[in-house]
> 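Sending over a structure as structure tokens; questions will come in a sec.
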Amino acid sequence: MTDRFLPNWTLKNEGVIMPDERLPTGQMVVVGLQHVVAMFGATVLAPILMGFDPNVSILFSGLATLIFFFVVGGRVPSYLGSSFAFIGPVLVATGASVGSPNPNIALALGGIIAAGALYFLIGVVVQLAGHRWIEKIMPPVVTGAIVAAIGLVLAPIAINSASGVTPDNANGSDFARWVALATVAAVGIVAVYAPGIWKRLPVLVGGVLGYLIYYIFANILGYGAPIDFTKIGQAAWFGLPSFQAPVFDTRAISLIAPVAIILVAENLGHIKAIGAMTGRNLDPYLGRAFMGDGLATMLSGASGGTGMTTYAENMGVMAVTRIYSTLVFLIAAGFALLLGLSPKFGAFIGTIPGPVLGGLSIVVFGLIAATAGRIWVENRVNFSNPRNLITVAVALVLGAGNFKLNVGGFTLDGIGTATFGAIILYHLLRMTTAEAAEHPQAAE
């Protein structure tokens with residue numbers, strides 16, 4: 001770490017561009033746009049699934065990225081967008097249906113602010129006491145179990161949306177299911193066969209293809225309810241989105257605040273990955289990264305936006321381009337602010353059919369669960385150790401079954417019980433000294 005608040009970015013025209021370097025202005029703008037495209041699909045999808053205004057979340061993703069940039073002193077390249085970890089707890093706390101307008105957003109916002117505050121306090125402790133204790137509390141076996149549980153908790157939500165299930169139609173429809181499956185196939189085909197940068201944007205491109213499929217079979221051939229474009233024509237090009245004020249409810253806070261633990265694990269992994277890509281030790285910035293993300297989440301929640309997190313999608317863009325300049329994310333944040341201030345853009349997002357969202361949800365939620373496998377493999381987690389095996393097994397079932405638990409007036413849903421269950425069980429099942437010597441890799 002240096003004494004300067006912000007780096008003195010050095011101009012470089014080719015090769016690997018490090019965080020404290022930059023390209024010529026024109027190239028920087030193009031790379032910044034690429035990061036906007038990369039974050040767009042997930043940042044828009046998460047609020048839609050929770051019944052939030054996507055314009056607000058896009059706007060605050062830009063503001064969140066700016067906050068993060070300045071808190072870490074412009075030294076950690078990251079884009080912040082809507083966190084999927086909030087979806088399950090928010091839907092449970094508000095009683096909302098996936099993809100439908102949320103009638104109790106205010107309750108969710110209070111919980112999101114509480115999660116951000118807890119996240120910020122963890123960052124303060126990490127900044128003062130160091131980060132090693134976080135890694136000891138949540139080793140890779142625990143982190144992977146938590147991530148897998150998130151995906152499994154969300155699975156029924158994705159299936160209901162893909163099936164066209166609504167309050168008025170408990171059985172859904174075959175048309176909705178076929179559109180959802182076509183969307184899933186489109187995402188997979190793009191991820192595997194698309195050329196160049198398009199292969200890095202399977203959710204966005206697959207969603208567009210699913211939208212076109214629905215339009216053809218519903219609006220033209222009449223197999224389903226047609227897409228209504230009326231609101232797009234009525235919406236203004238520029239204007240403020242619909243901000244909301246939070247309401248602080250004990251039950252909602254108890255359901256949503258524990259998400260902070262998941263965000264810590266997620267951000268920890270992202271910072272480690274960026275450090276590996278750049279060849280720089282970014283561990284000294286972990287506390288500041290947690291604080292920046294926590295502040296951003298509180299600000300977003302205070303105005304009607306979703307919780308925020310650092311984005312793996314943008315890490316993928318950095319890995320492909322080998323451009324790690326933190327200035328790029330100032331440009332990307334600026335574009336996000338412009339998009340968030342366009343009601344017409346928000347009206348278009350509102351026309352995305354439920355089955356298309358359901359198909360995207362199947363892929364996205366499945367990828368969240370599958371990420372656990374990558375965490376375990378990359379960290380060589382030893383599943384011959386009963387402690388690791390039992391910890392993961394219990395967390396998976398608690399998440400998949402959405403096991404709820406009341407503790408002192410607080411209610412934890414499947415994500416919360418899986419998170420705290422994995423952490424507590426892992427440390428309760430400590431090996432003896434003899435067992436540790438016999439299985440030297442079992443601690444991970």
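Reckoned from all heavy atoms, side chains included, excluding hydrogens, waters and symmetry mates. FYI, the numbering just counts along the sequence from 1.
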> Are the side chains of Met291 and Val124 in contact, using a 4.5 Å heavy-atom criterion?
yes

> When you measure from the side chain of Asn379 to the backbone N and O of Pro140, does any donor-acceptor pair fall under 3.5 Å?
no

> If you measure from CG on Leu91 to CG on Asn102, what distance do you get to the nearest 0.5 Å?
7.0 Å

> Please identify each residue that fulfils side chain to side chain donor-acceptor pair (under 3.5 Å) with Tyr211, with sequence neighbours left out.
Thr351

> For Gly32 and Ile331, which heavy atoms make the closest approach, and how far apart are they?
CA-CG2, 4.1 Å

> Checking Thr183 side chain against Val179 main chain: does a donor-acceptor pair fall under 3.5 Å?
yes

> As a quick check of understanding, evaluate side-chain contact (heavy atoms from CB on, under 4.5 Å) for Leu341 and Trp237, giving each step before the final call.
CA-CA 8 Å; Leu341 293 173; Trp237 279 103; over 6 Å; no

> A side-chain contact here means heavy atoms from C-beta on lying under 4.5 Å apart; do Tyr285 and Ile271 qualify?
no

> Closest heavy-atom contact between Thr306 and Met50?
CG2-CE, 3.4 Å

> Looking only at non-hydrogen atoms, find the nearest pair between Ala395 and Ala422 and report the distance.
CB-CB, 4.1 Å

> Would you say the side chain of Met18 lies within less than 4.5 Å of the side chain of Lys12, judging by non-hydrogen atoms?
no

> Within the distance-only criterion (no hydrogens, no angle test), does the side chain of Asn104 pair as donor or acceptor with the backbone N or O of Ala93 below 3.5 angstrom?
no

> Ignoring hydrogens and angles, tell me if any N or O in the side chain of Ser57 forms a donor-acceptor pair with the backbone of Pro54 under 3.5 Å.
no

> Give, for atom CH2 of Trp133 and atom CD1 of Ile122, the distance between the pair rounded to the nearest 0.5 Å.
6.0 Å

> Please report the closest heavy-atom contact between His427 and Lys136, naming both atoms and the distance.
CE1-O, 3.2 Å

> Less than 4.5 Å apart, side chain to side chain, heavy atoms only: is that true for Leu337 and Leu59?
yes

> Could you tell me whether a side-chain N or O of Lys344 sits under 3.5 Å from a main-chain N or O of Ile232, the two making a donor and an acceptor?
yes

> Roughly how far, to the nearest 0.5 Å, is the CG atom of Leu49 from the CZ atom of Phe86?
15.0 Å

> For the residue pair Gly110 and Pro246, what are the closest heavy atoms and their distance?
N-CB, 3.8 Å

> Taking the side chain as C-beta and beyond, is there a heavy-atom pair between Leu11 and Glu21 under 4.5 Å?
no

> Hey, does the side chain of Ser82 reach the backbone of Pro47 with a donor-acceptor pair shorter than 3.5 angstrom?
no

> Run the ring pair (Phe, Tyr, Trp, His ring centres under 6.0 Å) test against Phe290 and tell me which residues pass, sequence neighbours left out.
Tyr119

> Quick one: sort the Tyr79 and Phe329 rings into parallel, tilted or perpendicular, breaks at 30° and 60°.
tilted

> If I take atom OG1 from residue Thr43 and atom CG from residue Leu339, how far apart are they, to the nearest 0.5 angstrom?
10.5 Å

> Is Ser83 reaching over with its side chain to a backbone N or O of Met308, donor-acceptor style, under 3.5 angstrom?
no

> Using the side-chain contact (heavy atoms from CB on, under 4.5 Å) rule, take Thr326 and Val76 through it: C-alpha gap first, then chi angles, then the decisive distance, then the call.
CA-CA 7 Å; Thr326 52; Val76 180; 5.8 Å; no

> Compare every heavy atom of Asn388 with every heavy atom of Asn382, then report the nearest pair and how far apart it is.
O-ND2, 2.9 Å

> Given Thr297 and Ser300, is the side-chain contact (heavy atoms from CB on, under 4.5 Å) satisfied, shown in steps?
CA-CA 5 Å; Thr297 294; Ser300 179; 5.8 Å; no

> Is the backbone of Phe403 close enough, under 3.5 Å, to the side chain of Thr417 for a donor and an acceptor to pair up by distance?
yes

> Spell out, as yes or no, whether a donor-acceptor pair under 3.5 Å connects the side chain of Thr309 to the backbone of Leu263.
no

> Are any of the side-chain heavy atoms of Pro156 and Ile159 separated by less than 4.5 Å?
no

> Given the rule in the side-chain contact (heavy atoms from CB on, under 4.5 Å) test, do Leu295 and Leu299 qualify, once you have shown the distances and angles that lead to the verdict?
CA-CA 6 Å; Leu295 283 173; Leu299 176 64; over 6 Å; no

> Taking side chain to side chain contact (heavy atoms under 4.5 Å, CB included) as the definition, give me every residue that meets it alongside Pro7, ordered by chain and number, with sequence neighbours left out.
Trp9, Asp20, Arg75

> Can you find a pair of side-chain heavy atoms, one from Pro77 and one from Val328, that are under 4.5 Å apart?
no

> Quick one: CZ on Phe243 to CG on Leu109, what's the gap to the nearest 0.5 Å?
12.0 Å

> State the CD1-CG distance between Ile112 and Leu107, to the nearest 0.5 angstrom.
11.0 Å

> With heavy-atom distances below 4.5 Å as the criterion, would you say the side chains of Pro24 and Asn13 are in contact?
yes

